[in-house]
Amino acid sequence: MRKLCLSMAAAALVLTACGTGAEEPAGSAPPVPSSAATATSAAPTATATTATATVPAVLKFTGTTLDGEAFDGATLAGKPVVFWFWAPWCPKCQAEGPAVAKAAAKYGDKVRVVGIAGLDKSKDAINQFVDRTGTSGIVHLDDRTGALYKHFGVTSQSSYRFVSPGGGTESATGPLDERELADLIDQHTA
């Protein structure tokens, strides 16, 4: 019975073309509008200071890369970052993969691009998505538990969080093509 319910829930998500993929956590940010051109602002929140940079609250998280390496969000403090939230079964996310890969290559070390792989329990499906989309050149975090989606207040995919060096954040949802993504990176990570 449980498998049937999970299968039905997964089918419903696929049929909604990658709509909401997680329940909104209590006290989190409201859902991101579904328009690709829509971005919302969030002021920097409380910070802590490390030996090298001030760490905004948004970067206070830990995770694991798809390669099994520990990842500390605090290492991104003081740098512009783009977080891309995707699911391996999402056709919008799959279509965006090449644009994300090109943006990461274009900006190189100037802007860090980090993929957040969630909303699926299969590590194989997640790894296949990375191979299919040509995004193996960026760091992807394994978020099969949904903890990072919750931390960032993300309730659907494909979603983006742009973090400026000072810790300010902007949000957008996809699908975004290469030009749209580059425009948003230029606007929101300076």
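Everything numeric here is computed off the predicted structure, so don't read it as measured data.
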Does the side chain of Y107 come within less than 4.5 Å of I185's, by heavy atoms?
yes

How about Y160 and F85: are their ring centres within less than 6.0 Å of each other?
no

Could you check if a side-chain atom of Q157 sits within less than 4.5 angstrom of a side-chain atom of W84, using non-hydrogen atoms only?
no

Shortest non-hydrogen contact from V139 toward R112
CG2-NH2, 3.3 Å

Which residues pass the side chain to side chain contact (heavy atoms under 4.5 Å, CB included) test with E178, sequence neighbours left out?
A99, K102

Which atoms form the tightest heavy-atom contact between G167 and P56, and what is the distance?
CA-CG, 3.5 Å

T189 meets the side chain to side chain donor-acceptor pair (under 3.5 Å) criterion, sequence neighbours left out, with none

Sequence neighbours left out, what passes side chain to side chain contact (heavy atoms under 4.5 Å, CB included) with A147? Give chain and number order.
D143, T145

Worked verdict on E96 versus W86 for side chain to side chain contact (heavy atoms under 4.5 Å, CB included)
CA-CA 9 Å; E96 286 178 310; W86 57 268; over 6 Å; no

Looking at every non-hydrogen atom in both residues, tell me the closest pair between K79 and T75 and how far apart they are.
NZ-O, 3.0 Å

Minimum heavy-atom distance V130-L66, with the two atoms named:
CG2-CD1, 3.7 Å

Could you check whether any side-chain heavy atom of V114 comes within less than 4.5 Å of a side-chain heavy atom of L141, counting everything from C-beta outward?
yes

Pair T169-R161, side-chain donor/acceptor within less than 3.5 Å:
no

So the side chain to side chain donor-acceptor pair (under 3.5 Å) pairs with at least one residue in residues 122-132 (sequence neighbours excluded) are Q94-R132

Are the side chains of F129 and W89 in contact, using a 4.5 Å heavy-atom criterion?
no

With side chains defined as the heavy atoms from C-beta onward, is the minimum distance between T65 and D142 less than 4.5 Å?
no

So, using side chain to side chain donor-acceptor pair (under 3.5 Å) as the criterion, who are the partners of D183 when residues are at least two apart?
R179

Does D177 reach the main-chain N or O of E180 with its side chain, forming a donor-acceptor pair under 3.5 Å?
yes

Can you find a pair of side-chain heavy atoms, one from H140 and one from T135, that are under 4.5 Å apart?
yes

Taking only residues two or more places apart in sequence or in another chain, which ones pass side chain to side chain contact (heavy atoms under 4.5 Å, CB included) with A104?
V113, I138

Between the main-chain N or O of E69 and the side-chain N or O of D67, is there a donor-acceptor pair closer than 3.5 Å?
no

Relative to the ring of F61, is the ring of F152 parallel (under 30°), tilted (30 to 60°) or perpendicular (over 60°)?
perpendicular

What closest approach, in Å, do A125 and P88 show between heavy atoms, and which atom pair accounts for it?
O-CB, 3.5 Å

When rounded to the nearest 0.5 angstrom, what distance separates CD1 in I116 from OG in S158?
12.0 Å

So, the side chain of H151 versus the backbone of T62: is there a donor-acceptor pair under 3.5 Å, distance only?
no

Mark yes or no for whether S164, through its side chain, and G168, through its backbone, hold a donor-acceptor pair below 3.5 Å.
yes

Checking the side chain of K110 only, and the main-chain atoms of K106 only, is there a donor and an acceptor separated by less than 3.5 Å?
no

Taking side chain as C-beta onward, heavy atoms only, is V163 less than 4.5 Å from F83?
yes

With rounding to the nearest 0.5 Å, note down the distance linking CD in E170 to CZ in F162.
8.5 Å

